[in-house]
Amino acid sequence: MKAYALGLYEKAMPSDITWREKLEAAKEAGYDYVELSIDATEDKIGRLDMPMEERLALVKLMYETGMPIRTMCVSALTKYSMGNDKSDYEARAMEILEKSIRFAEDIGVRVVMIPGYDVYYEPSTIETKRRYLKNLRIGAEMAERAGVILGLETMENEFMNTVEKAMKYVVLCGSNYLKVYPDLGNMTNAAVQYQSDVLEDLELGRGNMTSLHLKETLPGRYREVPYGMGHVNFEAAIEKAWELGIRRYVTEFWYTGDDNWKDDLRSAHDRMAGILDRQVRG
């Protein structure tokens, strides 16, 4: 068995190509698995209502291409946040979460990443935080029944932009199926903001982290920063993550219309696989 698994974020590929094309492109670039996206668009949320025969066809396609889908990012819970004051938004959030866990169970996804937001577009208050915790506990119980792990993503706002803050909710929920799925780029920006240490923050998640998102950022900029053009110290962070026992990683970047997007997949893979291979060799 390979010493680590390196996954590809689905949104690094064009949205209008087929699942077969996506899985084949990921395999050609050298990846081990794909991270599926359930964002706030109705098209992506609609995936959660996929009929059983289509779910089976997707699983068969994974076997045919040799490229599994093993994690899922449910960023739809940004718009439809679990701490929302609007009861219809809160209800939609819980519906999305429950369907995501069921979908993951059906197609073999191991980890469902959920964003660390009580609310995003609305003000965060003591009530939104309490509501978020209440619903997170419900979600953890759903995950326990399904045998699917929920991973809290460290985000870009004050609510949960560090592993330390995410660990508060892991402790408060007390579930073996609720862990932290850190975003290294977001953590790095938080470390600059707070004048703190990314590696110390990772240490606070020891034994409670599922995987690591490898994303490049700049201070105040959280998306679409090319690898090597930002301030994230991937070498040091991956070395620390490896020491902490993390063996699953995902390159998180976005397709922006470049005709050479397949070259971008290979470049990102080779850059991060090179760092990971050095950890294997010791």
Side-chain angles (χ1 to χ4, degrees), residues 9-11 35-49 71-104 109 111-144 146 148-175 177-183 185-187 189-190 193 210-211 213 215 217 220 222-223 250 252 254:
Y9 185 46
E10 180 193 349
K11 286 192 171 184
E35 181 164 277
L36 182 147
S37 170
I38 303 293
D39 64 24
T41 64
E42 290 305 318
D43 177 60
K44 291 291 198 301
I45 294 173
R47 287 174 166 177
L48 302 177
D49 294 315
T71 54
M72 183 163 68
C73 176
V74 189
S75 54
L77 296 176
T78 300
K79 177 180 179 180
Y80 299 105
S81 51
M82 292 193 293
N84 209 293
D85 287 328
K86 300 174 185 174
S87 58
D88 55 336
Y89 274 54
E90 179 193 4
R92 187 88 194 276
M94 297 310 291
E95 177 187 36
I96 289 170
L97 181 56
E98 181 175 8
K99 287 183 176 180
S100 294
I101 292 168
R102 289 178 176 172
F103 186 66
V109 163
V111 178
V112 174
M113 171 194 273
I114 59 176
Y117 295 127
D118 56 339
V119 288
Y120 183 73
Y121 297 105
E122 302 81 15
S124 180
T125 67
I126 186 64
E127 289 306 320
T128 62
K129 292 171 183 175
R130 285 172 175 164
R131 194 176 298 113
Y132 177 81
L133 176 58
K134 175 200 72 174
N135 287 325
L136 189 59
R137 284 171 169 157
I138 293 170
E141 290 174 0
M142 295 177 189
E144 289 163 1
V148 173
I149 294 173
L150 295 182
L152 292 171
E153 183 180 14
T154 54
M155 306 306 293
E156 73 273 17
N157 68 356
E158 288 288 331
F159 180 70
M160 196 182 292
N161 54 0
T162 66
V163 172
E164 180 180 11
K165 291 178 180 179
M167 281 300 301
K168 168 185 172 180
Y169 286 88
V170 170
V171 171
L172 288 173
C173 287
S175 170
Y177 285 81
L178 178 67
K179 302 297 180 183
V180 184
Y181 189 157
D183 182 304
N186 295 346
M187 289 175 60
N189 279 4
Q193 179 183 347
T210 68
S211 331
H213 253 193
K215 184 179 74 177
T217 55
Y222 294 83
R223 292 176 56 120
V250 168
E252 184 186 15
W254 285 263

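Residue Asn135 holds its CG atom at 14.5 Å from CZ of Arg130, rounded to the nearest 0.5 Å. Atom CD of Glu10 is separated from atom OG1 of Thr71 by 10.5 Å, given to the nearest 0.5 angstrom. If you take CG on Asp49 and CD on Glu95, they are separated by 7.0 Å, rounding to the nearest 0.5 Å.
Residues passing the salt bridge (charged side-chain N to carboxylate O under 4.0 Å, His left out) test with Arg223, sequence neighbours excluded: none. For the side-chain hydrogen bond (donor to acceptor under 3.5 Å, both in side chains) test, residues two or more places apart in sequence or in another chain that qualify with Ser81 are Asn84.
For Glu141 and Arg137, the salt-bridge test fails: no basic side-chain N is under 4.0 Å from an acidic carboxylate O. Residues Lys129 and Glu158 are not paired through a salt bridge, judged by the lack of any N-O separation under 4.0 Å between the basic side chain and the carboxylate. Salt-bridge formation is not detected for the pair Glu122/Arg131: no Lys NZ or Arg NE/NH1/NH2 atom is positioned less than 4.0 Å from an Asp or Glu carboxylate oxygen.
When only modelled atom types and interatomic distance are considered, Thr41 and Asp43 share no side-chain donor-acceptor pair under 3.5 Å.
The backbone N or O of Ser37 lies less than 3.5 Å from a partner atom in the side chain of Arg47, making a donor-acceptor pair.
Of the options Glu156, Glu252, Lys215, a side chain to side chain donor-acceptor pair (under 3.5 Å) to Asn186 is made by Lys215 and by none of the others. Each of Leu97, Ile38, Val74 was compared with Leu48 under the side-chain contact (heavy atoms from CB on, under 4.5 Å) criterion, and only Ile38 meets it.
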